[in-house]
2 protein chains.
Amino acid sequence: MAAEPNLGLLCFYPYRALEGRIFAALAAAGFDDLTVAQGRVAARIGEHGTRLTELAEQAQVTKQTAGFLVDQLERAGYVRRVPDPTDGRARLVCFTERGLAVVAVARRVEAEVEAEWTAHLGEESTRALREALTRLREVTDPWR
Amino acid sequence: MAAEPNLGLLCFYPYRALEGRIFAALAAAGFDDLTVAQGRVAARIGEHGTRLTELAEQAQVTKQTAGFLVDQLERAGYVRRVPDPTDGRARLVCFTERGLAVVAVARRVEAEVEAEWTAHLGEESTRALREALTRLREVTDPWR
DNA sequence: TGACGATCGTCAGGCTCTCTGACGAAAATG
DNA sequence: CATTTTCGTCAGAGAGCCTGACGATCGTCA
């Protein structure tokens with residue numbers, strides 16, 4: 001519903017471009033069974049594992065949906081669920097070796113793309129962009 | 001697949017926030033039968049109507065998906081299809097009165113949100129943000 | 001003018017994603 | 001302990017999106 005680009009829509013293009021680049025690279029690296037929905041949940045998994053409920057909240061989907069996607073990731077060997085030592089009800093979703101390999105590829109592409117963007121915008125402008133977006137996150141991201 | 005926020009992910013938060021605000025406002029205004037997928041297609045409709053194929057390309061979905069969503073929008077009275085006077089094969093998807101009312105609400109919310117963001121970031125930083133994002137679009141948006 | 005490939009849009013079928021609702025198990029509360 | 005909250009799952013349904021195939025129309029070139 002927009003003809004003239006507003007700030008929100010302008011934000012959308014880089015995000016979509018990065019996501020596209022990451023999934024293209026993953027497919028090229030042989031990880032061609034990953035879907036975008038799975039990736040958005042997997043992207044929230046922390047170093048020491050993350051609870052399903054937390055993944056659902058951060059990805060803004062229901063627990064059921066997050067559980068469904070984690071099931072798929074688990075079946076494909078990217079993550080596993082381990083009991084949470086601090087809470088008998090909960091389990092922590094952790095990356096497997098294969099999952100960490102995916103993360104490594106994604107990180108590499110992120111760095112590549114950022115380098116390209118920096119080359120296009122210039123160092124100073126990129127720094128300002130990152131700073132503005134980081135501050136904007138304070139009022140647009142309910143999670144941290 | 002990211003722990004430390006990269007530029008692409010940082011772009012995602014404002015976009016998601018704006019989209020959420022717009023749909024909340026639309027629902028509050030009585031337009032509660034619109035879905036996000038419909039909105040993403042409708043957002044690409046130009047002043048004088050736009051072809052289905054073009055909507056599909058810009059929203060990055062298949063023609064079939066775009067046609068399915070336009071069917072829904074048409075049934076709900078938001079758009080209509082008129083013959084393209086310059087091409088007998090094509091039809092132009094145009095907003096109806098009801099559709100234009102939705103656009104008006106969306107525009108108002110966009111302005112509100114941008115004002116809030118400007119208040120948070122400051123005039124100068126916002127201007128720099130918009131300029132950087134606009135230039136970034138040159139390398140991240142295949143469409144214009 | 002007529003034949004050919006390209007483009008516009010649709011139909012059919014199936015898979016993925018996401019939701020609402022309800023539920024047992026374990027933890028926190030008091 | 002009894003109650004309430006939180007964690008995760010099961011079941012069912014619907015929306016979204018895709019691939020493949022198709023008829024109709026356009027543009028081009030012989």
Side-chain angles (χ1 to χ4, degrees), chain A residues 16 19-20 23-24 26-27 31-46 48-76 78-94 143, chain B residues 16 19-20 23-24 26-27 31-46 48-76 78-94 143:
Chain A
R16 182 171 67 176
E19 193 172 75
F23 277 91
L26 289 176
F31 304 113
D32 54 354
D33 55 345
L34 272 169
T35 68
V36 174
Q38 290 165 17
R40 291 203 241 238
V41 166
R44 265 77 185 186
I45 297 176
H48 308 297
T50 306
R51 290 187 188 185
L52 185 67
T53 299
E54 199 174 339
L55 291 178
E57 285 171 340
Q58 293 190 24
Q60 292 195 0
V61 296
T62 59
K63 289 184 296 178
Q64 292 89 326
T65 298
F68 176 76
L69 295 169
V70 168
D71 281 346
Q72 296 177 317
L73 289 168
E74 194 168 28
R75 236 177 291 123
Y78 293 111
V79 306
R80 66 167 167 270
R81 297 185 228 226
V82 301
D84 185 335
T86 71
D87 191 331
R89 298 166 301 179
R91 287 191 286 170
L92 296 174
V93 180
C94 301
W143 298 99
Chain B
R16 181 171 69 178
E19 193 172 76
F23 277 91
L26 288 176
F31 303 112
D32 54 354
D33 55 346
L34 273 169
T35 68
V36 174
Q38 289 166 17
R40 290 193 217 198
V41 167
R44 266 79 185 186
I45 297 175
H48 309 297
T50 306
R51 291 186 189 186
L52 185 66
T53 298
E54 199 174 339
L55 291 179
E57 285 171 339
Q58 292 189 24
Q60 294 195 358
V61 295
T62 59
K63 290 184 296 179
Q64 292 88 328
T65 297
F68 176 76
L69 295 169
V70 168
D71 280 346
Q72 296 177 320
L73 289 167
E74 193 168 30
R75 236 177 290 124
Y78 292 111
V79 305
R80 66 168 165 271
R81 295 185 229 226
V82 302
D84 185 335
T86 71
D87 191 330
R89 297 166 300 178
R91 288 190 287 171
L92 296 173
V93 180
C94 301
W143 297 99

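Residue numbering restarts at 1 for every chain, and letters A, B, ... go by the order of the sequence lines. Not measured: the values here are computed from a predicted model.
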For A/E19, all residues meeting salt bridge (Lys or Arg N to Asp or Glu O under 4.0 Å), sequence neighbours excluded =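 With sequence neighbours excluded, A/E19 shows a salt bridge (Lys or Arg N to Asp or Glu O under 4.0 Å) to A/R40, given in chain and number order.
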Residue list, salt bridge (Lys or Arg N to Asp or Glu O under 4.0 Å) with B/R81, at least two apart or on another chain =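 Applying salt bridge (Lys or Arg N to Asp or Glu O under 4.0 Å) to B/R81 gives B/D71, B/E74.
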Under 4.0 Å: is that the gap between some side-chain N or O of A/R91 and OP1 or OP2 of D/dT9?
->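 The answer is yes; a side-chain N or O of A/R91 sits under 4.0 Å from OP1 or OP2.
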Integer-rounded Å distance: [N] [atom2] and [X] [atom1]:
X     : N      : atom1 : atom2 : result
A/L52 : D/dT9  : CG    : C1'   : 9 Å
A/L55 : C/dT18 : CG    : P     : 13 Å
B/E57 : C/dG9  : CD    : P     : 10 Å
A/R51 : D/dT6  : CZ    : P     : 12 Å
A/E54 : D/dC7  : CD    : P     : 9 Å
B/R81 : C/dC8  : CZ    : P     : 15 Å

List the atom of A/C94, the atom of A/H48, and the distance in Å for their closest heavy-atom pair.
->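 Heavy-atom minimum between the residues: SG-O, 4.3 Å.
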State the CZ-CG distance between B/R75 and B/D33, to the nearest 0.5 angstrom.
->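 Separation between the atoms: 11.5 Å.
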Taking side chain to side chain donor-acceptor pair (under 3.5 Å) as the test, write out the residues that go with B/T50, two or more places apart.
->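 Testing B/T50 for side chain to side chain donor-acceptor pair (under 3.5 Å), a comparison that skips the adjacent residues, returns none.
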Kindly write out the residues that satisfy side chain to side chain donor-acceptor pair (under 3.5 Å) with A/T62, not counting sequence neighbours, or none if the list is empty.
->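 By the side chain to side chain donor-acceptor pair (under 3.5 Å) rule, A/T62 matches A/T65.
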Would you call A/R51 and A/D87 a salt bridge, taking side-chain N to carboxylate O under 4.0 Å as the test?
->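 A salt bridge is present here (some side-chain N lies under 4.0 Å from a carboxylate O).
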Check the interface with nucleotides 16-18 of chain D: list each N/O to N/O pair with the protein under 3.5 Å, or write none.
unit_1: D/dG16; atom_1: OP1; unit_2: B/T35; atom_2: OG1; d: 2.6
unit_1: D/dG16; atom_1: OP2; unit_2: B/Q72; atom_2: OE1; d: 3.3
unit_1: D/dG16; atom_1: OP2; unit_2: B/Q72; atom_2: NE2; d: 3.3
unit_1: D/dC18; atom_1: OP2; unit_2: B/T62; atom_2: N; d: 2.9
unit_1: D/dC18; atom_1: OP2; unit_2: B/T62; atom_2: OG1; d: 3.1
unit_1: D/dC18; atom_1: OP2; unit_2: B/T65; atom_2: OG1; d: 3.0

Protein-nucleic acid N or O pairs under 3.5 Å, nucleotides 28-30 of chain C:
none

For residues B/D84 and B/R91, determine if any side-chain heavy atom of one lies less than 4.5 Å from a side-chain heavy atom of the other.
->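 Not in contact.
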